[in-house]
> 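This is the structure, below, for whatever I ask next.
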Amino acid sequence: MADTLSRSPPRRIGLLTGGGDCPGLNAVIRAFTRTARGRHGVTVVGIEDGFEGLLEGRMRELDYGEVAGLIGEGGTILGTTNKGDPWHFPVTAPDGSVSIHDVSARMLARIRENALDALVVVGGDGSMHIAQRFVALGVPVVGVPKTIDNDLSATDTTFGFDTAVSIVSEAIDRLTTTASSHHRVMVIEVMGRYAGWIALAGGVAGGADTILIPEVPFAWESVFRHVRQRALRGRRFSIVCVAEGAKLPEGGEVLRGIDRRRTDAKQLGGVGAVIAQRIEAGTGLETRVTVLGHLQRGGTPTAYDRLLATRFGVAAAESACRGDSGVMVALRGTEIVTVPIADAIATLRTVPPNHPWVQAARAVGTRFGDEPVPADEGGARGDGAPAS
Ligand code: F6P
């Protein structure tokens, strides 16, 4: 594959962060800059606000001083946006209307004008799709996988995920004490887009009683039954951890909006409130909902994410400085490797319904809302519950 062959080593590399921010981005910027500059003498040009800044030529050289002290800082000093897809670029008219344009040729021109020999793109699947299209146009690109959603293929995990999971786990700890004091059901809605990784890992780590994820279809009566049975056993509270992409039994995801400026216009959100309402109506137990939202993305990264982000940053610098293109750094077992970007974006990495974490959760009594309901308890009422 010509895309992934090494080329002559670059002297000036553009570095950008794209898509939603994520704890660990600054650790990558620090590691990349120090390795590329310090070890290889390459000039690192930080591009502001992802591909949008590339189009507008907003960029600056990064030196040791600028990246000092970044290891534990959340966010990205470069800024980012999830509305900068060059092939789906939104332009807002004075009357507020949005039109979508292909500005890839202008971006290519900017890359040449600024004498960038290569790009390093730190991003999720949207950014990797864009990276791959630039590779096809002859721009050398190395990718660094980032997303709290953990939904990129070809890498065991991404930095940011561990931090998000820790935040979910801590939130569940806190919700559990108030839930048990008030004998309430607490529904917690977490991020993750179309993948249930955050809900699964955070729910298991927090000891959630029920976890609802897009990959495991649930039935209302099965969810209600577990909440009722806990109450009958004297546990008059339940914690239900819901992935924002969980699909309602009557069909589909719950959206909080549509934003045409994004390549994927769907904005997930609101499923927790729907589920809380249905649980209260179906069980008679007082129910509350907490939407964790962007708390999962903000703030300082965990030690695990700092380490992974640093290793990714160093590996990306080594790869880009030797002239690689069309590759993404990845974690495989304990090793950092490079893989074709094409492999990372071939499929969205969702939770296999029989994943070991799902099995472990089931073994300790956590429910996924797909458990059989006896016919005399409503399982045969045509509510979508699996037959017993
Ligand atoms: O992809 C990361 C993510 O946080 C998703 O989990 C979530 O659906 C989305 O981004 C939220 O996007 P925004 O920050 O634009 O609301």
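All values reported here derive from a predicted model rather than from experimental measurement. Atoms within a ligand are numbered from 1 in the order they appear, just like the ligands themselves.
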> Quick check on contacts: which atoms of ligand 1 are under 4.0 angstrom from a heavy atom of R193?
1 (O), 5 (C), 6 (O), 8 (O)
> With a cut-off of 4.0 Å, which atoms of ligand 1 are near a heavy atom of G192?
6 (O)
> How far is atom 1 (O) of ligand 1 from its nearest protein heavy atom, and which residue and atom is that?
D149 OD2, 2.6 Å
> I need the atoms of ligand 1 closer than 4.0 Å to a non-hydrogen atom of N82, numbered in the order shown.
15 (O)
> Thinking salt bridges, do R256 and E244 make one under a 4.0 Å N-O criterion?
no
> Salt bridge check: are E280 and R184 linked by an N-O gap of less than 4.0 Å?
no
> Does the side chain of T300 come under 3.5 Å of the side chain of R306 through a donor N or O and an acceptor N or O?
yes
> Less than 4.0 angstrom from a charged side-chain N to a carboxylate O is my criterion; do E52 and R58 meet it?
yes
> Please state which option from M191, E244, R256 has its nearest heavy atom closest to atom 16 (O) of ligand 1.
R256
> So with a 6.0 Å cut-off around CZ of R362, is the heavy-atom count from everything else above 12?
yes
> Atom 3 (C) of ligand 1: which of H294, R297, R262 has the nearest heavy atom?
R297
